[in-house]
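Note sheet for the following structure.
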There are 2 protein chains.
Amino acid sequence: MEINQALDALSALAQPMRLDAFRLLVKAGPAGLCAGEIATRLQARPNTLSANLAHLVAAGLVRNTREGRQIRYVVEMEGMQRLLGFLMEDCCGGQPELCRPVLEKIVCC
Amino acid sequence: MEINQALDALSALAQPMRLDAFRLLVKAGPAGLCAGEIATRLQARPNTLSANLAHLVAAGLVRNTREGRQIRYVVEMEGMQRLLGFLMEDCCGGQPELCRPVLEKIVCC
DNA sequence: TCCATAATTCGAGAAATATAGAAATGATTT
DNA sequence: AAATCATTTCTATATTTCTCGAATTATGGA
């Protein structure tokens, strides 16, 4: 991953509404959620949310597909993976005992 | 980790000079680097860099200690750990096969 | 076709952030 | 004590980002 992609992803996540939306989508998993549903849950105006979701899509963290008149958003795990990998790149200078615990403590399931 | 801490960490990283500095410190490991050395490597002005390093410290991603007349900066792995954990929180709704590959591909050492 | 619904795009004003020069602080050397 | 060096703090300006209302596009139903 190149640095600009990483910056896009980080600034996409570095904003309250977008971080909330992203986490909602992470929890929703592969089923995702439609724009309106996200707007309701976050109590956000549709147009503002739309701009923010577009930001997440552009950053490669989320993808969307139209379903009738709604648009479904789904988290893109590969984007997340690229970002995390980039941040940990060349950490610890080949001494696994320094960073291994960091990765092991990421308990998600 | 609460959301505001996560936002602080993400916006700290979502800026070119800070992301560069952070990655330099990740690679430097526990030895860290002094402000002047970082400034030289990034070709940044000392005052601008200082403001940016302060941002990383405030976000809990880096810590600093004075050493004579220099100030050494060291990456704070616990901060990184908190952030990654927060981003992956409740992912995949208890289906490890969905997110396990993501974490496994973060090869750092 | 006409209407309603879901969501996006556009444009402008308000707010937040980044940078750099100048001055100040803290520590070492002479 | 004076000079020097490493770094930070202060302050103003320039830039970027955020949000909102209004208008627009796309789809499905009567």
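This structure is a prediction, so every number in the text was calculated from the model and none was measured.
Counting heavy atoms from C-beta outward, Leu83(B) and Leu10(B) have side chains that approach closer than 4.5 Å. Put simply, the side chain of Leu33(B) does not reach to within 4.5 Å of the side chain of Tyr73(B), judged on heavy atoms.
If you measure from atom CG of Leu49(B) to atom C1' of dT8(D), you get 11 Å, rounded to the nearest angstrom. The CD1-C1' distance, from Ile38(B) to dA6(D), rounds to 13 Å in whole Å. As a whole-Å value, the separation of Gln70(B) CD from dT8(D) P is 11 Å. Rounded to whole Å, the distance from CZ on Arg69(A) to P on dT27(D) is 11 Å. One can place CZ of Arg45(A) at 18 Å from P of dA6(C), the figure rounded to the nearest angstrom.
The shortest distance between the side-chain N/O atoms of Ser50(A) and the OP1/OP2 oxygens of dA7(C) is not below 4.0 Å. For the pair Tyr73(A) and dT8(C), the criterion of a side-chain N or O lying under 4.0 Å from OP1 or OP2 is met. In terms of phosphate contacts, Gln15(B) brings a side-chain nitrogen or oxygen within less than 4.0 Å of OP1 or OP2 of dT19(C).
Near DNA chain D, meaning a heavy atom under 4.0 Å from it, residues 25-35 of chain A has no residue at all.
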Could you list all N or O pairs between the protein and nucleotides 22-25 of chain C that sit under 3.5 Å apart?
| unit_1 | atom_1 | unit_2 | atom_2 | d |
| --- | --- | --- | --- | --- |
| dA22(C) | N6 | Asn47(B) | ND2 | 3.4 |

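Looking at heavy-atom distances under 4.0 Å, Arg72(A) makes no contact with the nucleic acid at all.
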